[in-house]
Structure formats: structure tokens, C-alpha cells
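Beneath this line is the structure, given in C-alpha cells, with notes to follow.
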Number of protein chains: 2
Amino acid sequence: MQKQEVTIYDVAREAGVSMATVSRVVNGNTNVRKETRDKVSAVIERLHYQPNAVAQGLASKKTTTVGLIVPGLTNLHFAELSKGIDDIASMYKYNIILSSVENNLLSEEKVIQGLLNKQVDGVIYMSNSMSNKAREAFARTNTPVVLAGTIDESNEFGSVSIDFKTAENDVFNLFYKDGKRKLALAVGDEGAFINKGNRIVYYKEFLEKNNLGAANVYDHITSYEDGYELADKLLADNVDAIMVTRDLPAAGLVNALTDKGIKIPEQLEIVSATSTNIAKVVRPHLTTVQQPLYDIGAVAMRMLTKLMNKEELDEKHISLGYTLQYGQTTLNK
Amino acid sequence: MQKQEVTIYDVAREAGVSMATVSRVVNGNTNVRKETRDKVSAVIERLHYQPNAVAQGLASKKTTTVGLIVPGLTNLHFAELSKGIDDIASMYKYNIILSSVENNLLSEEKVIQGLLNKQVDGVIYMSNSMSNKAREAFARTNTPVVLAGTIDESNEFGSVSIDFKTAENDVFNLFYKDGKRKLALAVGDEGAFINKGNRIVYYKEFLEKNNLGAANVYDHITSYEDGYELADKLLADNVDAIMVTRDLPAAGLVNALTDKGIKIPEQLEIVSATSTNIAKVVRPHLTTVQQPLYDIGAVAMRMLTKLMNKEELDEKHISLGYTLQYGQTTLNK
DNA sequence: ATGAAAGCGCTAACAC
DNA sequence: GTGTTAGCGCTTTCAT
């Protein structure tokens with residue numbers, strides 16, 4: 001921290017008013033005569049006075065800071081969400097403290113406690129599922145929390161996301177309609193993979209309902225290389241359609257199959273459950289579930305501002321629409 | 001901000017010591033008898049006491065918070081840098097306040113002033129070039145600043161990056177060696193495009209030195225679509241080799257040329273000056289300048305911690321090595 | 001080794 | 001409309 005050269009006290013002295021008046025001017029309180037306001041403003045300008053937000057925070061018990069918990073910076077999925085959050089946050093003059101929980105240097109619980117100690121006014125949570133210790137810490141401090149792009153089983157927190165179940169059913173129905181019967185699911189690692197547990201459940205329900213036999217779930221499919229190496233297994237298992245939870249490994253899979261001379265989508269259909277720039281870069285283009293990531297982030301942040309203002313929420317969970325983006329990795333009959 | 005249930009004062013009372021002693025225990029000061037320490041620790045545990053970092057910040061004039069200024073969250077290039085920064089920051093117990101300057105809601109200067117008002121202990125700057133007003137604000141508060149992945153003409157700040165000039169010369173030499181003579185350069189928009197001005201200068205110097213005729217600089221090539229649409233222009237201009245400053249538009253260009261039946265790299269060589277996941281997803285794979293982004297971020301953050309501790313720097317600018325990653329978009333003779 | 005007390009820079013009653 | 005005065009929760013001399 002730097003040496004604080006000029007304080008509210010200096011301004012008060014120079015302007016010949018009390019610090020209370022300066023505070024009023026700084027905070028736009030209307031109970032100040034125009035002349036006084038102008039006089040004070042001039043001094044503020046002249047001395048380059050800038051309020052110390054830390055002192056403001058201590059005195060007012062508001063820091064205009066929100067914590068952001070992401071499972072990983074380098075996943076574009078979260079970057080897109082963050083952008084929506086960031087835009088709304090800056091619109092409402094909030095700063096964002098970024099906390100990544102991908103490196104396990106600190107446990108999620110410690111990271112959250114650190115955020116709470118910094119007296120953030122609220123938290124946006126984008127990871128997969130929250131530990132109980134973390135829940136307790138939030139409860140103890142009653143700091144508002146909103147989940148963005150993920151859901152909360154306990155319905156304890158506000159949340160904004162698409163309807164994952166319907167989306168997944170749409171994908172498998174598409175496969176089914178295209179005549180595919182050996183359907184598979186590839187999921188990534190915990191944490192970064194939203195709603196992983198439920199996704200597997202939905203998948204199995206679909207198989208059962210349609211009498212499609214045993215499940216083929218491929219786990220830990222996270223990187224491009226994971227996707228690339230998945231190709232052989234799929235061929236060995238005679239899979240003819242697969243939903244992959246991220247587009248990066250999906251792109252790896254597409255390239256691997258192309259290298260092997262497999263016809264996509266004729267022999268194997270592929271859909272990615274998330275969509276970033278990568279989906280359009282790869283050839284053939286991926287068919288994806290297009291989540292309105294920016295909007296999810298923006299709506300979540302908007303919801304958080306309401307919570308921080310102690311406003312009532314119309315609904316605790318907001319479900320945003322998704323679109324099935326038809327690319328060239330499905331037949332689209 | 002939440003209601004602060006338990007303060008250092010409560011702990012002091014419960015433990016039968018003064019708040020000064022509690023403070024010592026919390027901060028690991030050794031001048032406390034073991035018994036006292038244990039007694040206090042027990043109370044802290046029991047009451048779930050957590051120090052209020054805002055109050056600590058005000059009293060100690062250190063917030064253990066650093067500001068991060070990025071030109072855009074959704075550019076993986078900055079995400080990779082941020083990850084290196086984040087890892088080192090959390091190692092040294094610093095929190096990160098993220099400030100994106102891509103939306104022009106707030107001017108860069110205002111964003112920086114906001115960070116300074118929050119009393120950040122230091123700033124990592126990743127944007128292209130800093131406004132003078134921003135420089136003045138930093139100078140007024142003497143907050144340490146380190147540039148990550150970009151350079152500072154004025155040499156006012158610490159910085160960590162690759163040697164852009166040598167890297168660019170390597171690329172154009174590669175083209176030249178492969179027999180290409182109509183060399184072009186595609187650059188993106190200001191801000192997000194590091195070192196844009198110099199890149200053009202280096203390019204022109206190369207042309208001149210090798211008697212390669214007039215320059216072909218294509219500006220505002222930022223998105224995938226920009227790259228895709230660039231193809232026609234390049235063909236019209238008879239360009240036979242081009243360096244593109246980002247891999248996303250480079251991928252668009254590759255796909256466009258492939259769609260037109262142009263042979264890469266025989267008819268046209270392409271090199272991207274940055275490299276992310278996209279470079280390996282596109283077919284043919286991009287030849288890229290591979291910057292050690294994670295390391296640049298990590299080293300920059302490490303440098304900042306030294307500055308924040310008032311340590312002397314061995315060198316103000318650290319230059320990290322890059323590698324020319326040979327893909328399939330150059331002949332590589 | 002421990003405690004008392006003075007701030008850190010600001011906000012927010014409460015007076016006038 | 002403006003000033004006075006307590007704090008906010010903590011760190012940090014300075015005593016002891």
C-alpha cells in the first residue's frame with residue numbers, strides 16, 4: 001500500500017469545512033449547499049484527493065467488492081461467464097476479487113474464508129459443488145452467494161443456469177432420431193465439470209427409457225489429448241454417438257477420427273455440451289449445446305446486486321434458454 | 001459486507017488477555033509465551049474468529065491485494081498469463097482484484113484509480129500501453145507496477161516478456177528461407193494487441209533490409225471471422241507468407257484458404273505470433289511463436305512481490321525465451 | 001511476555 | 001446545511 005498523502009482531513013482544512021462535509025460531497029449527499037460543494041470539489045481536484053476505499057469499507061461495512069470463485073482461468077467457458085459478470089459488476093461499481101480453485105495450494109474452504117475475511121459484499125460461485133465447510137462459512141457471515149452456470153441441489157443459494165436435464169435429453173434425442181443406438185457420454189474431472197453427477201444420471205435415465213442397453217461413460221476426458229485418445233476406445237466399444245462435456249476434448253476426438261478415416265457424422269455423431277471458439281475452429285464444425293454464457297454471468301451478477309441490497313428475489317433460480325447449434329458432427333435429419 | 005460477529009476484542013476478553021496479545025498470536029509474532037498462545041488459539045478456534053482484513057489493511061497499510069489489468073478475459077492469451085500470476089500470488093497469500101479494460105464503460109485511468117483507491121499493494125499490467133494519466137496516478141501513490149507479457153518503452157516499470165523483435169525476425173526469416181518474398185503482417189486492435197506499433201516497425205525494417213518492396217499490413221484482424229475474410233485480400237495482393245498476431249484469426253484464415261482449395265503452406269505460409277489451444281485444434285496445425293505465458297505471469301508476479309517488499313531488483317526487465325513451434329502452415333525447409 | 005492507548009481514514013448519527 | 005463526535009477492527013509503539 002502506498003503512502004496516503006492526502007486525506008479527507010486535509011481537504012476539510014484546505015476548504016475550511018469539516019470532514020463530514022467533505023464526506024458528503026464525496027458521496028454525493030445532496031444536503032450540501034452548491035457553493036460549499038463547489039468549493040470542496042475544487043480543493044479535491046487541486047489536491048488530487050482520492051478516498052481510501054479501505055477506510056470507507058471499515059466505516060461503512062461495505063467494500064463494493066465481490067468474490068468470484070472459478071474452477072480454472074484457462075477454460076474459456078468460465079472466461080465467458082466472467083465477462084458477463086465483470087460487465088455488470090463494473091456497471092454497479094463493484095470490484096472483483098478473483099479466486100481460482102484449480103491449483104490445490106489452498107483448499108476451496110480456505111479460499112472462500114480468505115474472501116470472507118476481505119469482507120466481500122457477495123460471492124459468485126462457478127465451480128461444481130460446494131463443500132459443507134464453505135457453506136457454513138457463508139452462513140456464519142450471511143454473505144449472499146449466487147451460482148452462475150451451475151446449480152445448487154440444496155437450493156440454498158440463488159442460481160442462474162440453463163436447464164441441464166432438458167438440454168441433455170435434447171442431445172440424446174437427436175442421436176436417437178438420427179438412428180444411433182449405441183450412445184455414450186464423456187465427462188471431465190470434478191470441479192471444473194459442472195453438474196457432472198447429474199449428467200450421468202440423466203444419461204442413464206435416457207438409456208433405460210429407450211431400452212438402449214448398458215451405459216458407456218468415459219471419465220476424465222478433459223484435455224485435447226484426452227479427446228484424441230478417446231477415439232480408439234469408442235471404436236472398440238462400437239459407440240455411434242457421443243456427448244462430450246467440453247469442446248476442447250471434443251475437438252481432439254474429431255481430429256483423431258478424421259485421422260483414422262472415420263466418417264463423421266455417418267459413423268459417429270459428436271455433440272459438445274459446451275461451446276467456445278474452438279467449436280467453430282475445428283473441421284467438421286462441432287454440433288454443440290450453446291449456453292448463453294455471457295448472459296448467465298450478467299444475470300447472476302445482477303441477482304447478486306439485489307441480494308447485496310437486501311432486495312427480495314422474484315425467483316431464486318433463473319433458467320436461461322440454450323440452443324442446439326447444429327454443426328457438421330451430427331446428421332441433423 | 002456481513003455482520004462481524006466476533007472481533008479481536010471478543011477473543012481477548014474470552015481468553016483473558018489484551019487484544020494486543022491476540023493480534024500477536026494471529027500474526028505469528030514470536031513474543032508470546034506458548035501457554036498464552038495455546039490459550040488464545042483455543043478461543044479463536046472456539047469462537048470461529050477470523051481477522052477482518054479490511055481493518056488490518058487500514059491499520060497496517062497493507063492489503064495483501066494486487067490489481068490485475070487485462071485487456072480482455074476471453075482471450076486465452078491473457079488467461080494463461082493470469083494463471084501464472086494467480087499461482088504465485090496465492091503462494092504469497094495475495095488476493096487478486098481483476099480489472100478488465102475491454103469494455104469502455106470506464107476509462108483505463110478510472111479503472112486504475114479505482115484499484116489504487118482500494119489500496120492494492122501492487123499492480124500487474126498486461127494491456128498494450130499505458131496512458132499518461134495512469135502513469136501519474138501510479139507515481140503519485142508510488143505503487144509498484146510490473147508489466148507481464150508486454151513492454152514499457154519508458155522503462156519506468158518492471159517487465160517480463162519475450163524478445164518481441166527477435167521473435168518477429170525469426171518468423172520473417174523463416175518465410176524468407178522458405179523462398180517467400182511477398183511477406184505480410186496482420187495485426188489486431190489496440191489494447192489487446194501487445195506491442196502492435198513496434199511489430200509493424202520490425203516488419204518494415206525487415207522488408208527494407210531484404211529489399212522486399214512495399215509493406216502489406218492488415219489491421220483490425222481480431223476475430224475468427226476477421227481471419228476468415230482476410231483470405232480473399234491476401235490472394236488479391238499475392239501475399240505468399242503472413243504473420244498473424246493471434247491464433248484465433250489465424251485459424252479463420254487457415255479454414256478459409258482450405259475452403260478455397262489453396263495449398264498451405266505451398267501457396268501461402270502462415271505463422272501466428274501467439275499460441276493457445278486453438279493452434280493445435282485447427283488443421284493444418286499452425287506454426288506459432290510459443291511464448292512461455294505461464295512463466296511470464298509467474299515471474300512477473302514474483303518480481304512484484306519483491307517490489308512490494310521494497311527489495312532491490314536484479315534487473316528491471318526480464319526476457320524469457322520463446323520457441324518457434326513448427327506446425328503444418330510453414331514449409332520448414 | 002504482555003497491556004494500554006493512540007491512531008489508520010472514513011462514515012454516520014446526532015446536534016445545532 | 002454543516003460541525004462534532006463516536007466508532008469500524010485492527011496494528012503498533014511504548015511502557016511495564
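Computed over heavy atoms, backbone and side chain alike; hydrogens, waters and symmetry mates excluded. We name chains A, B, ... by the order of the sequence lines, and we start the count at 1 in each one.
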| said: Side chain of B:Thr36, heavy atoms from C-beta onward: which of C:dT11, D:dT12, C:dT2 has the nearest atom to it? | reply: C:dT2
| said: In this structure, how many angstroms lie between the C1' atom of D:dG9 and the NZ atom of A:Lys118, rounded? | reply: 16 Å
| A:Tyr49 has an atom OH; how far is it from atom C1' of C:dG9, in whole Å? | 7 Å
| request: Quickly work out the A:Gln56 CD to C:dT11 P distance and round it to whole Å. | output: 4 Å
| message | In this structure, how many angstroms lie between the C1' atom of C:dG7 and the CE atom of A:Met19, rounded? | response | 13 Å
| query | Rounded to whole angstrom units, what separation is found between the CD1 atom of B:Ile8 and the P atom of C:dA5? | reply | 17 Å
| field | A:Lys61 side-chain proximity, nearest of C:dC8, D:dC8, C:dT11 | value | D:dC8
| task | Return the nearest nucleotide to the side chain of A:Asn31; candidates are D:dT2, C:dA1, D:dC10. | result | D:dT2
| query | Ion pair present between A:Lys83 and A:Asp86, side-chain N to carboxylate O less than 4.0 angstrom? | reply | no
| side-chain N/O A:Ser18 vs D:dT2 OP1/OP2, d < 4.0 Å | no
| query | Per the atom types in the model, does the base of D:dG3 pair as donor or acceptor with the side chain of A:Arg24 at under 3.5 Å? | reply | yes
| field | Whole-Å distance separating the CG atom of A:Asn117 from the C1' atom of D:dC10 | value | 13 Å
| request: Rounded to the nearest angstrom, tell me the gap between atom CG in A:Leu58 and atom P in D:dT11. | output: 12 Å
